[in-house]
Amino acid sequence: MSRRLRVILNTVLILAALVCAGVLLRQQLQWRDSAEATERAVELAHARPTPPAEQGDAPAAPGQDPATEPVSTDPVVNELSCLDLAALRAVNPDVAAWLTVPGADISHPILQGPDNDYYLHHTWEKKWNGGGAIFLDWRSSPDFEGFHTIIYGHRMRNGTMFGPLHRYAEQDFWAEHPYVYITDGKGVRRYRIFAAWEPSVTSAVYAQNLDSEEARQEMIDQCLRGSVIDTGVIPGPEDKLLTLSTCTESGHETRWVVQARLEEIYPAQE
């Protein structure tokens, strides 16, 4: 090999190393900025959920209707009831709610933009960042009253955002952490996870026109058949469902989802 060729090859290798180092540095900075944005949200909303205790609801207090006003002994419900979402909305009115999955290191504000693209690349403070934010499908009802609500988040390589969702492929992990909680400031919703699997992006999971009972049941059956865990939880077409969706390591044709059924709504305390 000639001296000139060696110089060219060495130069190319050095440039390639510099490019790789630059990409890695940029990624590290984005991870840091994303984590700091989440921490600011936590501090502003006073979001410090405690681990859930044994599940169960206390009897209704005198004067309460147990059918409409459940009393919670769940510490996560009690903690979320105290969140200051108004403080977050003063920064960004797109804040729809707060999501917590106890034991899975997931606790974030939920955004809802005019499309499903903006918050893929912006933090909850509307600052550009490749890590984006946790966000509600723009077609989903912001009051979570629709049959099916979809929430998206990146599967970050450093394990943040929706990175921990892949752990629900393990039966034991689901058994220890079977709940998802959402509060919109008007109350706390507790969901029980019923499925975890990898659907196609064209599957009924992402359809928003499931208006008939038959279409809803078909989607539920598809989710139960595809699930890699056996939860024993079987939703019906009259239930309200939640899907947490993130990317996979299998390309762009599929997504990893963790799905849950609404179990209880705890109204905000006056």
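What you see below is based on every heavy atom in this structure, not just the backbone, and it leaves out hydrogens, waters and symmetry mates.
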Does Phe194 form a side-chain contact (heavy atoms from CB on, under 4.5 Å) with Cys223? I'd like the steps, not just the answer. CA-CA 9 Å; Phe194 71 88; Cys223 298; 4.0 Å; yes
List the steps and the verdict of side-chain contact (heavy atoms from CB on, under 4.5 Å) for Val101 and Phe162. CA-CA 10 Å; Val101 186; Phe162 271 0; 6.0 Å; no
Worked verdict on Ser200 versus Thr202 for side-chain hydrogen bond (donor to acceptor under 3.5 Å, both in side chains): CA-CA 5 Å; Ser200 162; Thr202 60; 2.8 Å; yes
Candidate pair Asp74 and Val188, rule side-chain contact (heavy atoms from CB on, under 4.5 Å), full reasoning: CA-CA 11 Å; Asp74 184 334; Val188 179; over 6 Å; no
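A side chain to side chain contact (heavy atoms under 4.5 Å, CB included) with Phe135 is found for exactly one of Ile151, Leu111, Asp117, namely Leu111.
Contact of the Ile220 side chain with the Leu241 side chain is registered, since non-hydrogen atoms from C-beta on lie closer than 4.5 Å. In this structure, the side chains of Gln222 and Trp197 come closer than 4.5 Å at one or more pairs of heavy atoms. For the pair Trp98 and Asp84, the minimum side-chain heavy-atom distance is 4.5 Å or more. When side chains are defined from C-beta on, Asp239 does not count as touching Tyr191, because their heavy atoms never get closer than 4.5 Å. Side chains of Ile134 and Met161 form a contact here, defined as non-hydrogen atoms less than 4.5 Å apart. Pro178 has its side chain out of reach of Thr231: every pair of non-hydrogen atoms, C-beta onward, lies at least 4.5 Å apart. By the 4.5 Å heavy-atom criterion applied to side chains, Leu44 and Trp124 are counted as neighbours.
Under a 4.0 Å N-O distance rule, the pair Glu263/Arg190 qualifies as a salt bridge. Salt bridge present: Asp137 and Arg139 bring a charged side-chain N and a carboxylate O closer than 4.0 Å.
Using a 3.5 Å distance cut-off with no hydrogens or angles, the side chains of Tyr118 and Asp94 do not pair a donor with an acceptor.
Tyr181 and Tyr179 have tilted rings, their planes meeting at an angle from 30° to 60° on a 0 to 90° scale. In this structure, His154 and His121 have tilted ring planes: the angle between them lies in the 30° to 60° band.
Both Leu224 and Val233 are members of a single hydrophobic cluster when ILVMFWY side chains are connected at heavy-atom separations under 4.5 Å.
Atom CD of Gln208 and atom CG of Asp211 lie 10.0 Å apart (nearest 0.5 Å). One finds the OG atom of Ser140 at 10.5 Å from the CD1 atom of Ile110 (value rounded to the nearest 0.5 Å). Interatomic distance, CG of Asn129 versus CG of Leu120, reported as 12.0 Å (0.5 Å rounding). Annotation: the span from Ile193 atom CD1 to Arg261 atom CZ amounts to 12.5 Å, rounded to 0.5 Å. If you take CG on Leu244 and OG1 on Thr149, they are separated by 10.5 Å, rounding to the nearest 0.5 Å. The CG atom of Leu210 sits 9.0 Å away from the CD atom of Glu218 when rounded to the nearest 0.5 Å.
Between Leu88 and Ala41 the shortest heavy-atom distance is CD2-O, 3.7 Å. Residues Thr243 and Gln259 share a closest heavy-atom pair of OG1-NE2, 3.0 Å. Considering all non-hydrogen atoms of both residues, Arg255 and Thr248 come closest at C-CG2, 3.4 Å. The two residues Gly185 and Leu85 have their closest heavy-atom pair at N-CD1, 3.5 Å. Nearest heavy atoms, Gly153 versus Thr246: O-OG1, 2.7 Å. A pairwise comparison of heavy atoms in Arg189 and Phe144 identifies NH1-O, 3.4 Å as the closest pair.
More than 12 heavy atoms of other residues, nucleotides or ligands lie within 6.0 Å of NZ in Lys126, so this atom counts as buried by the packing criterion. Surrounding CD of Glu145 are more than 12 heavy atoms belonging to other residues, nucleotides or ligands, all under 6.0 Å away. In this structure, Asp105 places its CG atom where only 12 or fewer heavy-atom neighbours from other residues, nucleotides or ligands lie under 6.0 Å away.
Side-chain atoms of Arg89 come within 3.5 Å of backbone atoms of Ala96 as a donor-acceptor pair (strictly under, hydrogens ignored). Checking side-chain atoms of Thr100 against main-chain N and O of Pro102 turns up no donor-acceptor pair under 3.5 Å.
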Expected list for residues 163-173: side-chain donor-acceptor pairs under 3.5 angstrom, two or more places apart:
| unit_1 | atom_1 | unit_2 | atom_2 | d |
| --- | --- | --- | --- | --- |
| His166 | ND1 | Gly163 | O | 2.6 |
| Tyr168 | OH | His177 | O | 2.7 |
| Gln171 | OE1 | Asp230 | N | 2.9 |
| Gln171 | NE2 | Asp230 | O | 2.6 |

